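Remarks on the structure that follows.
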Amino acid sequence: MLEALKKAVWEANMELPRRGLVTYTWGNVSGIDREKGLVVIKPSGVAYEELTPDKLVVVALDGRRVEGELNPSSDTRTHLELYKAFAALGGIVHTHSPFAVAWAQAGEDIPCYGTTHADYFYGPVPCARGLTKEELDEDYERNTGRVIVETFRGRHIDPVHVPGVICRSHGPFAWGKSAAEAVYHAAVLEEVAKMALYTRQVKPDASPAPGYLVEKHFLRKHGPNAYYGQNI
């Protein structure tokens, strides 16, 4: 079942250690087949060097395991909440990459200080609020997803234009139209988190990039009249 999607999700998972985004098993990637309403995700706690496509787990959007002998990632319910809320998402990744985690542990948005950030994120990368004890006790993973959704809807942020978030005291989630693009955005998020931290070290009161510069750089790659890259 979903062999092509399994292969794509496996390849995306294997990209995480290659990009230095995970230590040990601290990360997971999923992908969704929207037509079937099924999600393929990494199994919980399986080392990347032991991961094969046949070990991936297929789950329905209600959380039921449809295929696979192993338990799905402990973050599965977070992924499912995001898929249900944002129809444009085709893949999701969660890591504990250190620079993004530093901002998450500080409880601060990652400011957009320059054009590298603006090429991929149309403004700051938001930091979602921390869960209350009641939310954590009720359903930690599902409510993590709900708080991310709350953050984007409450701030009127388009998840296509800002393909990532950091969760307070936790770490980053990123997404894209595919599992591969989700990992790409996770790698970019980690780089801009690092650049923002260095900027703060050089000048603690540095100002974000002006809005017109952010708009120019984002729209030249992603807008209706985008002209970055090749027309082939």
Side-chain angles (χ1 to χ4, degrees), residues 12 15-16 19-21 27 29-30 78-79 82-83 85-129 144-145 147-168 170-203 206-229:
E15 189 71 5
L16 295 183
R19 294 289 170 184
L21 295 173
V29 183
S30 71
T78 304
H79 289 238
L82 297 177
Y83 283 128
F86 302 136
L89 275 56
I92 298 171
V93 56
H94 172 53
T95 76
H96 288 257
S97 56
F99 288 97
V101 166
W103 288 92
Q105 292 181 167
E108 287 199 35
D109 294 357
I110 303 174
C112 182
Y113 284 124
T115 60
T116 309
H117 183 130
D119 278 340
Y120 297 95
F121 298 92
Y122 198 16
V125 175
C127 182
R129 68 171 175 83
T144 295
V147 165
I148 294 171
V149 174
E150 169 196 296
T151 299
F152 276 71
R153 290 180 174 166
R155 299 200 205 179
H156 306 289
I157 301 170
D158 185 341
V160 174
H161 291 170
V162 180
V165 67
I166 52 176
C167 295
R168 179 73 184 261
H170 186 181
F173 286 82
W175 47 78
K177 62 180 181 290
S178 65
E181 187 176 72
V183 173
Y184 184 91
H185 287 150
V188 173
L189 193 158
E190 178 66 0
E191 287 299 309
V192 300
K194 182 191 333 184
M195 292 174 186
L197 180 62
Y198 288 165
T199 300
R200 282 274 183 94
Q201 289 176 335
V202 172
K203 192 173 193 288
S207 298
Y212 60 83
L213 181 65
V214 173
E215 183 162 332
K216 175 66 176 180
H217 267 262
F218 185 82
L219 294 180
R220 74 174 188 161
K221 293 190 77 167
H222 307 285
N225 300 311
Y227 58 89
Y228 179 90

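All values reported here derive from a predicted model rather than from experimental measurement.
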Leu89 CG to His79 NE2 distance, which is reported to the nearest 0.5 Å: 10.5 Å

Exercise: identify the closest heavy-atom pair between Ala12 and Ala180: CB-N, 4.1 Å

Distance (rounded to the nearest 0.5 Å) between Leu82 CG and Ile148 CD1: 5.0 Å

Exercise: do Ser30 and Tyr83 side chains pair donor with acceptor under 3.5 Å: yes

Donor-acceptor under 3.5 Å (Asp109 side chain, Pro111 main chain): no

Trp103 side chain vs Pro126 backbone, donor-acceptor pair below 3.5 Å: no

Which atom of Trp175 lies closest to which atom of Phe173, heavy atoms considered: CZ3-O, 4.0 Å

Heavy-atom closest contact (Gly27 atom, Leu16 atom, distance): C-CD1, 4.3 Å

Pairwise distance NE2(His217) to CG(Asp119) - rounded to 0.5 angstrom: 6.0 Å

Qualifying side chain to side chain donor-acceptor pair (under 3.5 Å) pairs with a residue from residues 176-186, counting only residues at least two apart or across chains: Tyr120-Tyr184, Lys177-Glu181

Nearest heavy-atom neighbours spanning Pro124 and Val162: O-CG1, 4.0 Å

Sequence neighbours excluded and cut-off under 3.5 Å, please list the side-chain donor-acceptor pairs for residues 90-102, or say none.
{"unit_1": "His94", "atom_1": "ND1", "unit_2": "Pro172", "atom_2": "O", "d": "2.8"}
{"unit_1": "His94", "atom_1": "NE2", "unit_2": "His96", "atom_2": "NE2", "d": "3.2"}
{"unit_1": "His94", "atom_1": "NE2", "unit_2": "His170", "atom_2": "NE2", "d": "3.2"}
{"unit_1": "Thr95", "atom_1": "OG1", "unit_2": "Ser97", "atom_2": "N", "d": "3.2"}
{"unit_1": "Thr95", "atom_1": "OG1", "unit_2": "Ser97", "atom_2": "OG", "d": "3.2"}
{"unit_1": "Ser97", "atom_1": "OG", "unit_2": "Glu190", "atom_2": "OE1", "d": "2.8"}

Thr199 versus Ala206, closest heavy-atom pair with distance: CG2-CB, 3.8 Å

From CA spacing to verdict: side chain to side chain contact (heavy atoms under 4.5 Å, CB included), Phe121, Ile110: CA-CA 10 Å; Phe121 298 92; Ile110 303 174; over 6 Å; no

Over all atoms of both residues, closest heavy-atom pair of Ala174 and Ala182: CB-O, 3.9 Å

Val188/His117 under side chain to side chain contact (heavy atoms under 4.5 Å, CB included): CA gap, chis, key distance, verdict: CA-CA 8 Å; Val188 173; His117 183 130; over 6 Å; no

Distance (rounded to the nearest 0.5 Å) between Leu21 CG and Glu15 CD: 8.5 Å

Atom pair CZ/CD of Arg168 and Glu108 - distance to nearest 0.5 Å: 9.0 Å

Interatomic spacing from CE in Met195 to SG in Cys112 - rounded to 0.5 Å: 11.5 Å

Derivation and outcome, side chain to side chain contact (heavy atoms under 4.5 Å, CB included), residues Val160 and Phe86: CA-CA 9 Å; Val160 174; Phe86 302 136; over 6 Å; no

Crowding at CZ, Arg19 (>12 non-hydrogen neighbours, <6.0 Å): no

Evaluation steps, side chain to side chain contact (heavy atoms under 4.5 Å, CB included), between Glu215 and Tyr122: CA-CA 7 Å; Glu215 183 162 332; Tyr122 198 16; 3.5 Å; yes

